[in-house]
Amino acid sequence: MAEYQISTNEGGITQITISGAVASTDSELFRAFSHLSSSKCALVNFLELSEASEELFTRLEDVSSRTKIKVIVTKPEFVTKCNKIGLQTFPTTKSATLSHAGDETLRLLIAQLRDVPILNTEAYKLIQHVASPDANFPELEKMLQNNAGLCSQILRTANSSYFMRSSKAETLQQAMVTLGFAPLRQIFIYNFYNSVGNFFGVQKDTVEHGQDCAKLAEYIAQSAGASQAECAKIRLIGLLHDVGRQALAFFFPQQYEKVQHLIRVDKNPSYLAELVVFGTEHQSIGSILANSWNFPDYLSKVIADHHYLKATDWNKLSLPVFCANNFLNQRDGEPFSPYYHKLEGYFFLKRAELPWKDIDAEFNEFLARPQEF
Ligand SMILES: [Fe+2]
Ligand SMILES: [Fe+2]
């Protein structure tokens, strides 16, 4: 017979700790699962569990259809069984509790985001249209006709030297056809991000950090011989990489003060400080936002990975952003990760020679050059 104990942890989350061997006839234990069903989220602790019948996992799956469950477990066979029924597993109570807090942060953030006016902007509607399978130029033209700013931006870009038209694009249609959907989408995302930036307001430092990161990451990519298309993607990722941080700081200003304190005083990197306070970090939030706004896949993938660099398939895009970001953090006296080897790795990947002798001086000199954003 298994033993169990029900408790409530600091965060007010119900936890059931089960020890010993669970048989399929352990009806008292299964009845106790009803305590979990009455709360929104719960923890199940299997650290002392020695054996378990299939019935335990069937019952748990049933409870998980009503209550968000995180399981604390380390034995590989139980981890596999939990994952099979779609339950997240964690090695400690602390990590499982933080993960619940992260889910809650995300839920609150998404609920608040629904009420904000940014999703009514024209640029946002244009992004949605370009991302849809029936995107077409006549419809886009109709949507753009009253937006002089965007129209002239599209014409200017189509007539820039990069697109090498033999004659000037005179109409919006011609300009859009020259550009194609991917660059148009980038123009709309820049515009949308400007509205997001205005909406998120006073976070001047984060906005400037994004702009510097965009410029420097693009400079690194250009210096390694990346194509124009690749450079355009890298610039956009650089600009948006910390959008999750802006969102967290905007929606939860008091908690974000604690994060800033942990960064300043304890020298924690931003994402670790956020994990302690919110149970999630700005990379995950940024990636979820990018997905929910229908941005291209490369944006959400690289935003999600810009501190850890786990997804090596994205290295051609993520490495220049990683290097630029950490150079800027170092320059600004923020915690940073060493980036020199990653820079070498990126140039190796691009089969190019590192052109700089004194990286600090040359990056600073590049950033000081007057340039438009
Ligand atoms: Fe970041
Ligand atoms: Fe950053």
* To do: Quick one: list whatever passes salt bridge (charged side-chain N to carboxylate O under 4.0 Å, His left out) with E55, sequence neighbours left out.
  => R59
* Which residues pass the side chain to side chain donor-acceptor pair (under 3.5 Å) test with Q5, sequence neighbours left out? -> none
* Structure fact -> With sequence neighbours left out, the residues meeting salt bridge (charged side-chain N to carboxylate O under 4.0 Å, His left out) with R31 are none
* Could I get the full list of side-chain contact (heavy atoms from CB on, under 4.5 Å) partners for S227, not counting sequence neighbours? => A229, E230
* Structure fact -> Residue pairs meeting salt bridge (charged side-chain N to carboxylate O under 4.0 Å, His left out), one or both in residues 65-91, sequence neighbours left out, come to E54-K81, D62-R66, K68-D103, K70-D103
* Asked: Of all residues at least two apart in sequence or in a different chain, which pass the side chain to side chain donor-acceptor pair (under 3.5 Å) check with Q283?
  -> none
* To do: Considering only NZ, NE, NH1 and NH2 on the basic side and carboxylate oxygens on the acidic side, decide whether R331 and D212 come within less than 4.0 Å.
  => yes
* Just jot down the salt bridge (charged side-chain N to carboxylate O under 4.0 Å, His left out) partners of K233, sequence neighbours excluded, or say none. => none
* Contact list for residues 218-229, test salt bridge (charged side-chain N to carboxylate O under 4.0 Å, His left out), sequence neighbours left out -> E218-R235
* Structure fact -> Hits for side chain to side chain donor-acceptor pair (under 3.5 Å) against T67, two or more places apart or cross-chain, chain-then-number order -> none
* Taking only residues two or more places apart in sequence, or in another chain, which ones meet E365 in a salt bridge (charged side-chain N to carboxylate O under 4.0 Å, His left out)? -> R369
* Can you list every pair that meets salt bridge (charged side-chain N to carboxylate O under 4.0 Å, His left out) and has a residue in residues 278-302, with sequence neighbours left out? -> D297-K301
* To do: Tell me, please, which residues at least two apart from Q330 pass side chain to side chain donor-acceptor pair (under 3.5 Å).
  => Y339
